[in-house]
Amino acid sequence: MSDGRGPTPARDWGTTFGGIADGWLFSDVEGPLPPVLVLPLENPDLYDPAVWEKKAEVVRRHRSVTVMRRGGATFGVLTAKLGAPAAAMAVQAAAARGAHTLVGVGYCGAIADTLGCGDLLVPTGAVAADGTSAAYCPERYPAVADHALVGLLKEAAGGPVHDGLVHSLDAVFTQDSALVDRCRATRVDALDMETSAVLTVARIHGVRAATVLVASDHAGLGLPTDGTLLGAGTRRAVDVALEAVTRRAAELG
C-alpha cells in the first residue's frame, strides 16, 4: 500500500516471524508465561505429560504449556521439543512472553567412563556443534549454563549427579566412533541434541538456563540402553527439575 508518497516500508521480517512463532506455540495463552519454565527435551511422539502432571497440581492446560503449582510455587512445563531448532524456537518464544528461568530435561549418550546408564549429568557448558547455535552468534561464542541454576539443580538432586561438558549436534546420524574418540580426547562427557542451542539462545535473550540430562546409553564404551536404569534415571531427573523450579519460583514470589 502507499499513501501517495511512496511505498509503505515493510515491517522487519524478524519481528513478523516472531509473532508467527508465538502463534504456533502460545496463541491460546493470554498474557505472559510463568517466569520459570521446564522444557522437556525428548521425542514428542513418546512424550507423556502425565510424568509431570502427577507430581504437581495442574492450574491450567494450554496447547504448548501447562501451568502447574507445587509447594505454593507456580511454574510452567512446555511440551517436548526434539533437536536444536525446535528447542531454540521454544526458548526464544518463551523469552518474548516473559520467561527468565528455564530448565531443560532430556537425554544424552554417555562418553565419560564415570557416566552410566540412568546417571544424571548437569552440563556446565556445551560444545556447540549444531547449526542452530551458529546461526545465532559468532563462532566460538561459549554455550554456558547459568552457574546459580547449575548449583540449584545439583542441590535439588540430593545425591550423586555429574557435571561437565556435553557435545551438542543436530545432524544425529553424523555421530560416529571418530566423533566419540575426539570427545573422549578432549574430556567431553556426553553427546546430546539440544543443550548448546538452549544455553546459547537463552543467554542471548536474557534467560537463565541449564539442563539436566539422563544418560541413555554409553557411546564411549558401546554399551546399549538398560531400560530399568533409564526409567529410574528419568524419574529422578523429573524430580530434580521439579524441585529446582519450585525453589526458583518460590524465590521469585
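Hydrogens, waters and symmetry mates are skipped; everything else that's a heavy atom, side chains included, is used.
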Seminar exercise, completed: Rounded to the nearest 0.5 Å, the CZ atom of R63 sits from the CG atom of L25 at a distance of 7.5 Å
Exercise. Applying side-chain hydrogen bond (donor to acceptor under 3.5 Å, both in side chains), which residue pairs with at least one partner in residues 76-89 are found, sequence neighbours left out?
Worked result: T79-K81
For this session: May I ask whether L78 and V212 are part of the same hydrophobic cluster, defined by side-chain heavy atoms of I, L, V, M, F, W, Y residues being less than 4.5 angstrom apart, directly or through others?
Result: no
For this session: Could you grab the distance from atom CG of D28 to atom NE2 of H62, nearest 0.5 Å is fine?
Result: 6.0 Å
Problem set entry | Flag for S168-D130: side-chain donor and acceptor within less than 3.5 Å | no
For this session: Could you walk me through whether R247 and E243 pass salt bridge (charged side-chain N to carboxylate O under 4.0 Å, His left out), step by step?
Result: CA-CA 6 Å; R247 295 183 189 184; E243 180 63 22; 2.7 Å; yes
Problem set entry | Pairs where residues 16-46 contributes a residue and the test ring pair (Phe, Tyr, Trp, His ring centres under 6.0 Å) is met, not counting sequence neighbours | F17-W24
Exercise. Does any donor atom in the side chain of S216 or T225 lie under 3.5 Å from an acceptor atom in the other side chain?
Worked result: no
Exercise. What distance separates R61 CZ from T66 OG1, expressed to the nearest 0.5 Å?
Worked result: 6.0 Å
Problem set entry | Euclidean distance, L213 CG relative to M193 CE, rounded to 0.5 Å | 12.5 Å
Only distances under 3.5 Å count here; give the side-chain donor-acceptor pairs of residues 102-125 to other protein atoms, sequence neighbours excluded, each with its distance to 0.1 Å.
{"from": "Y107", "atom 1": "OH", "to": "T234", "atom 2": "OG1", "distance (Å)": "3.0"}
{"from": "D113", "atom 1": "OD1", "to": "R184", "atom 2": "NH1", "distance (Å)": "3.2"}
{"from": "D113", "atom 1": "OD1", "to": "R184", "atom 2": "NH2", "distance (Å)": "3.3"}
{"from": "D119", "atom 1": "OD2", "to": "G116", "atom 2": "N", "distance (Å)": "2.8"}
{"from": "T124", "atom 1": "OG1", "to": "G164", "atom 2": "O", "distance (Å)": "3.1"}

Exercise. Hey, mind stepping through R60 and M68 against side-chain contact (heavy atoms from CB on, under 4.5 Å) and telling me if it holds?
Worked result: CA-CA 7 Å; R60 57 185 178 276; M68 298 185 181; over 6 Å; no
Side-chain donor-acceptor distances from residues 29-41 under 3.5 Å, at least two apart:
none

Exercise. What is the distance from atom OG1 of T16 to atom CD1 of I20, rounded to the nearest 0.5 Å?
Worked result: 6.5 Å
Distance-only criterion, 3.5 Å: show the donor-acceptor pairs between side-chain atoms of residues 198-208 and protein atoms not counting sequence neighbours.
{"from": "T200", "atom 1": "OG1", "to": "S196", "atom 2": "O", "distance (Å)": "2.8"}

Problem set entry | L179 reachable from L165 in the ILVMFWY side-chain graph, under 4.5 Å edges | no
Problem set entry | ILVMFWY cluster, L242 and V240 together (side-chain gap under 4.5 Å) | yes
Exercise. Do V144 and V166 share a hydrophobic cluster (ILVMFWY, side-chain heavy atoms under 4.5 Å, transitive)?
Worked result: no
For this session: With sequence neighbours excluded, give me every ring pair (Phe, Tyr, Trp, His ring centres under 6.0 Å) pair touching residues 145-193.
Result: none
Exercise. Out of curiosity, does L252 fall in the hydrophobic cluster containing F75 (side-chain heavy atoms, cut-off under 4.5 Å, transitive links)?
Worked result: yes
Problem set entry | Side-chain H-bond candidate by donor/acceptor type, R70 with T246, under 3.5 Å | yes
Problem set entry | Flag, side chain of E42 to backbone of A80, donor-acceptor distance under 3.5 Å | no
